[in-house]
Protein chains: 2
Amino acid sequence: MIRQSDKGNLKKLGANIKKLREAKNLSLRELSYACDIDNSKISKIEKGQINITFTTILQLAKALEISPSELLMTEYD
Amino acid sequence: MIRQSDKGNLKKLGANIKKLREAKNLSLRELSYACDIDNSKISKIEKGQINITFTTILQLAKALEISPSELLMTEYD
DNA sequence: ATAATTGCGGTCTAATAAGACCGCAGTTGA
DNA sequence: TCAACTGCGGTCTTATTAGACCGCAATTAT
């Protein structure tokens with residue numbers, strides 16, 4: 001595993017999440033509270049360090065008040 | 001883990017993937033070959049039995065020739 | 001009939017996400 | 001000056017995905 005092209009895609013996803021979080025003026029801890037995901041984990045997600053599951057995507061989307069598909073709205077390789 | 005509401009969402013995702021696969025007239029093994037995911041795993045995904053990761057979503061979307069966000073184009077709880 | 005295809009369930013190992021927690025260094029602002 | 005907040009990195013355990021493989025029962029050709 002740990003395909004090389006995946007790393008870039010994970011970073012893109014993370015960057016998108018960070019952008020959306022900042023657009024709502026939320027700190028990591030605030031978003032953490034809103035979606036019940038540890039703030040350090042969100043930090044890792046935004047830096048593309050972990051490969052989150054579908055349900056984690058749903059949690060984040062809900063807290064960011066957007067649709068799950070909007071969360072993935074980016075170009076991937 | 002294994003939140004109860006997640007089960008329903010996983011089934012919805014699976015149903016959507018199955019619909020998309022059938023729309024392209026692909027068997028499990030054909031899709032399996034196209035995205036390099038074991039056919040038995042795809043079967044489990046379609047039945048909502050596993051919580052796939054982001055990269056698996058990308059693989060499926062690519063093989064189904066749709067965008068990742070389109071793959072999630074459904075309503076979730 | 002019979003051979004191939006298909007969906008699906010189960011098995012086993014290794015890798016890793018989930019989840020919870022700690023603490024630091026660098027802002028920010030009272 | 002000091003307290004609060006912020007991003008972020010690391011740790012530890014447990015649950016689960018990933019990945020590869022086997023085989024059956026039912027369906028679908030040939």
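Chain A is the first sequence line, chain B the second, and so forth, proteins listed ahead of strands; every chain is numbered from 1.
Atom CG of B/Leu26 is separated from atom NZ of B/Lys18 by 13.5 Å, given to the nearest 0.5 angstrom.
Between C/dA18 and B/Arg3, no contact under 4.0 Å exists linking OP1 or OP2 to a side-chain N or O. Put simply, A/Arg21 has no side-chain N or O that comes within less than 4.0 Å of OP1 or OP2 on D/dT6.
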Between protein and nucleic acid, restricted to nucleotides 3-5 of chain D and to nitrogen or oxygen atoms under 3.5 Å apart, what atom pairs and distances do you find?
none

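Of the candidates A/Asn51, A/Asn9, A/Asp6, B/Thr55 forms a side-chain hydrogen bond (donor to acceptor under 3.5 Å, both in side chains) with just one, namely A/Asn51.
Across all non-hydrogen atoms, the minimal contact from B/Ile57 to A/Ile57 is CD1-CD1, 4.0 Å.
Following rounding to the nearest Å, B/Leu31 (CG) and C/dT6 (C1') show an atom-to-atom distance of 13 Å. The interatomic distance linking A/Asp6 (CG) with D/dA18 (P) rounds to 11 Å, in whole Å. Remark: C1' of D/dA18 and CG of B/Asn39 are 15 Å apart, rounded to the nearest angstrom. Spacing between atom OH of B/Tyr33 and atom P of D/dC21 amounts to 15 Å, rounded to whole angstrom units. Taking atom CG on A/Asp38 and atom P on C/dA18, their separation rounds to 12 Å, with Å as the unit. Following rounding to the nearest Å, B/Lys41 (NZ) and D/dC22 (C1') show an atom-to-atom distance of 18 Å. Counting to the nearest Å, the C1' atom of D/dG7 and the CG atom of A/Leu26 are 14 Å from each other.
Residues in residues 21-30 of chain A take part in these salt bridge (Lys or Arg N to Asp or Glu O under 4.0 Å) pairs, two or more places apart or across chains: A/Arg21-A/Glu46, A/Lys24-A/Glu65.
Taken residue by residue, residues 8-20 of chain A places no heavy atom nearer than 4.0 Å to DNA chain D. A heavy atom lying under 4.0 Å from DNA chain D marks the following residues of residues 42-57 of chain B, by number: B/Ile50, B/Asn51, B/Ile52, B/Thr53, B/Thr56.
A/Lys12 is linked by a salt bridge (charged side-chain N to carboxylate O under 4.0 Å, His left out) to A/Asp77, counting only residues two or more places apart in sequence or in another chain. A/Ser43 pairs by the side-chain hydrogen bond (donor to acceptor under 3.5 Å, both in side chains) definition with nothing, not counting sequence neighbours.
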Going through the checks in order, is the side-chain contact (heavy atoms from CB on, under 4.5 Å) test met by B/Ile37 and B/Leu31? CA-CA 8 Å; B/Ile37 293 175; B/Leu31 178 56; over 6 Å; no
Starting from the C-alpha separation in whole Å, work towards a yes-or-no answer on side-chain contact (heavy atoms from CB on, under 4.5 Å) for A/Leu13 and A/Tyr76. CA-CA 9 Å; A/Leu13 174 66; A/Tyr76 302 100; 3.8 Å; yes
Set out, in order, the CA-CA distance, both residues' side-chain angles and the distance that settles side-chain contact (heavy atoms from CB on, under 4.5 Å) for B/Lys41 and B/Ile45, then state yes or no. CA-CA 6 Å; B/Lys41 181 177 171 183; B/Ile45 293 169; 4.1 Å; yes
Can you list the steps and then say if B/Ile42 with B/Cys35 is a side-chain contact (heavy atoms from CB on, under 4.5 Å)? CA-CA 10 Å; B/Ile42 298 176; B/Cys35 64; 4.2 Å; yes
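The base of C/dC22 has none of its N or O atoms less than 3.5 Å from a complementary donor or acceptor on the side chain of A/Ser40.
Closest to the B/Leu28 side chain, of the nucleotides C/dG19, C/dG7, D/dG19, is C/dG7.
Using a 4.5 Å heavy-atom threshold, the side chains of B/Ile52 and B/Leu60 count as touching.
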